[in-house]
Amino acid sequence: RSFADRVEAIGTAQATEYVTITPPVTDRVTGLPFEEGAFVAFGDTLVELEHAEESAELEAERVGLAEQERQFERISSLRKNDLVSQEEFELARDDLNLARARVEAAEARLRDRILTAPFAGVLGMRRVSPGTLVSPGQIITTLDDLSAVKVNFTVPEALLSQLAVGRPVRASCAAWPGEVFEGL
């Protein structure tokens, strides 16, 4: 008759991808548009920090960029006809590049205040409320990608020779009695 060697162990299941959502800056929470335990997609907004000043700054930088683009176009057309010096043309080009960099910096400051999901997954418990002043490192919530799960377990040293990469693993848990999960 056929038989199989079995090694039984107690372990813990953990999402393959998981992250603790913390703010990169100190500011006041203005929005938490998520529900605990909800599934979110990549890029969904999780936390909004106060960003009125950053939004206004970005708009001002965009207006400045538009003005620099008009100036550069005007000087470019004058340069084609040799009506302005090469130095003036290069200064206008540098001013345009500086305006673009200012817009990018303002966009980055705004992105620091709107936290989005780095991958799709399930949210954990919310640990702050709107109006809370948060700072870097303070936990707001967690995000777990449960599409693949790792099971960590230990086995006695005497049984290590029976284990190998690629051998099937069967797991069960108290949350789903009678159900068996298979993996490698």
**Q** Check for me, please, whether Leu115 and Val128 land in the same ILVMFWY cluster - side-chain distances under 4.5 Å, paths through other members count.
**A**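 Same cluster.
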
**Q** How about CD on Glu87, more than 12 heavy atoms from neighbouring residues, nucleotides or ligands closer than 6.0 Å, or not?
**A**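 No, the 6.0 Å shell around CD holds no more than 12 heavy atoms from other groups.
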
**Q** Could you state whether Val103 and Leu110 fall into the same hydrophobic cluster, counting links through intermediate Ile, Leu, Val, Met, Phe, Trp or Tyr residues with side-chain heavy atoms under 4.5 angstrom apart?
**A**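 Same cluster: Val103 reaches Leu110 through Ile, Leu, Val, Met, Phe, Trp or Tyr contacts under 4.5 Å.
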
**Q** Tell me if a side-chain donor or acceptor on Gln14 pairs with a main-chain N or O of Lys150 at a distance below 3.5 Å.
**A**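 No: the side chain of Gln14 does not pair with the backbone of Lys150.
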
**Q** Tell me whether Thr16 contacts the main-chain N or O of Ala148 through its side chain, where contact means a donor paired with an acceptor under 3.5 Å.
**A**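 A pair under 3.5 Å: yes.
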
**Q** Hey, is CZ on Phe42 packed in by over 12 heavy atoms from elsewhere, all under 6.0 Å?
**A**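 Not buried by this count: 12 neighbours or fewer within 6.0 Å.
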
**Q** Testing the basics here: between Glu57 and Ala106, what is the closest heavy-atom pair and its distance to 0.1 Å?
**A**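 For Glu57 versus Ala106, the nearest heavy atoms are OE2-CB, 4.4 Å.
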
**Q** Is a donor on one side and an acceptor on the other found under 3.5 Å between the side chain of Thr141 and the backbone of Gly124?
**A**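 Here the side-chain-to-backbone pair exists.
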
**Q** In terms of hydrophobic clustering (I, L, V, M, F, W, Y; side-chain heavy atoms under 4.5 Å; direct or indirect links), are Leu96 and Leu78 co-clustered?
**A**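 In one cluster: yes.
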
**Q** CD/Gln138 to OG1/Thr132 distance, rounded to the nearest 0.5 angstrom?
**A**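 One finds 7.5 Å between CD of Gln138 and OG1 of Thr132.
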
**Q** What I'd like to find out is whether the side chain of Pro136 reaches to under 4.5 Å of the side chain of Thr26, using heavy atoms alone.
**A**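 When only atoms from C-beta onward are counted, Thr26 and Pro136 do touch, with a gap below 4.5 Å.
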
**Q** Salt bridge check, Glu54 against Arg109: does any charged N sit closer than 4.0 Å to a carboxylate O?
**A**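 No, no charged N to carboxylate O under 4.0 Å.
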
**Q** Taking all atoms of both residues into account, what is the closest heavy-atom pair of Ile10 and Phe153, and its distance?
**A**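 Heavy atoms of Ile10 and Phe153 come nearest at O-CB, 3.7 Å.
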
**Q** Quick check for you: to the nearest 0.5 Å, what is the distance between Phe119 atom CZ and Leu143 atom CG?
**A**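 Between atom CZ of Phe119 and atom CG of Leu143 there are 4.0 Å.
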
**Q** Against Leu46, only a single residue in Leu32, Thr116, Val40 fulfils side-chain contact (heavy atoms from CB on, under 4.5 Å); can you say which?
**A**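 Only match with Leu46 under side-chain contact (heavy atoms from CB on, under 4.5 Å): Val40.
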
**Q** Is a donor on one side and an acceptor on the other found under 3.5 Å between the side chain of Arg79 and the backbone of Val84?
**A**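 Judged by distance alone, yes, a pair lies under 3.5 Å.
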
**Q** Applying the 4.5 Å side-chain criterion to the ILVMFWY set and letting contacts propagate, would Ile139 and Val19 be lumped into a single cluster?
**A**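 No, because Ile139 and Val19 fall into different hydrophobic clusters, even though each may have its own neighbours under 4.5 Å.
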
**Q** Is it true that, when you exclude Glu69 itself, more than 12 heavy atoms of the residues, nucleotides or ligands shown sit nearer than 6.0 Å to its CD?
**A**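 Yes, CD of Glu69 has more than 12 neighbouring heavy atoms, counting only those of other groups under 6.0 Å.
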
**Q** What closest approach, in Å, do Ser129 and Val29 show between heavy atoms, and which atom pair accounts for it?
**A**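 Smallest heavy-atom distance, with atoms named: O-CB, 4.0 Å.
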
**Q** Evaluate the criterion side chain to side chain contact (heavy atoms under 4.5 Å, CB included) for residue pair Leu58 and Glu107; output intermediate values, then yes/no.
**A** CA-CA 6 Å; Leu58 176 57; Glu107 288 172 341; 3.5 Å; yes

**Q** Find the distance between OG (Ser76) and NZ (Lys80) and round it off to the nearest 0.5 Å.
**A**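 Here the rounded value is 6.5 Å.
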
**Q** With the 4.5 Å side-chain cut-off for hydrophobic clustering, are Val155 and Val151 part of the same group?
**A**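 In one cluster with Val155: Val151, yes.
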
**Q** Distance check, rounded to the nearest 0.5 Å: Leu65 atom CG versus Leu98 atom CG?
**A**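 Here the rounded value is 10.5 Å.
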
**Q** List the atom of Pro130, the atom of Arg126, and the distance in Å for their closest heavy-atom pair.
**A**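 Between these two residues, the closest heavy atoms are CD-NH1, 4.4 Å.
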
**Q** Where does the angle between the aromatic ring planes of Phe72 and Phe89 fall among parallel (under 30°), tilted (30 to 60°) and perpendicular (over 60°)?
**A**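 Geometry flag for Phe89 against Phe72: tilted rings.
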
**Q** Output the distance between atom CD (Glu90) and atom CG (Asn97), rounded to the nearest 0.5 Å.
**A**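 Reported to 0.5 Å precision, the distance equals 11.5 Å.
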
**Q** Locate the shortest heavy-atom distance separating Ala117 from Ala41; write the atom from each residue and the value.
**A**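 Between these two residues, the closest heavy atoms are CB-O, 3.5 Å.
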
**Q** Can you check whether Ser147's main-chain N or O pairs, donor with acceptor, with Asp145's side chain at less than 3.5 Å?
**A**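 Yes, because the side chain of Asp145 sits within donor-acceptor range (under 3.5 Å) of the backbone of Ser147.
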
**Q** Kindly indicate whether the side chain of Leu160, heavy atoms from C-beta on, has any atom under 4.5 Å from the side chain of Glu157.
**A**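 A side-chain contact under 4.5 Å exists here.
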
**Q** I need the minimum non-hydrogen distance between Arg113 and Glu50, along with the two atoms involved.
**A**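 Minimum heavy-atom separation between Arg113 and Glu50: CD-O, 3.3 Å.
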
**Q** Is Arg70 salt-bridged to Glu67, cutoff N-O under 4.0 Å?
**A**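 Salt bridge present between Arg70 and Glu67.
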
**Q** Would you compute the distance between atom CD1 of Ile114 and atom NE2 of His51 and round it to the nearest 0.5 angstrom?
**A**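 If we round to the nearest 0.5 Å, Ile114:CD1 and His51:NE2 are 4.0 Å apart.
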
**Q** Are the side chains of Val25 and Leu49 in contact, using a 4.5 Å heavy-atom criterion?
**A**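 Yes, their side chains come closer than 4.5 Å.
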
**Q** Do Pro33 and Asp44 come within less than 4.5 Å of each other through their side chains, counting heavy atoms only?
**A**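 No - every pair of side-chain heavy atoms lies 4.5 Å or more apart.
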
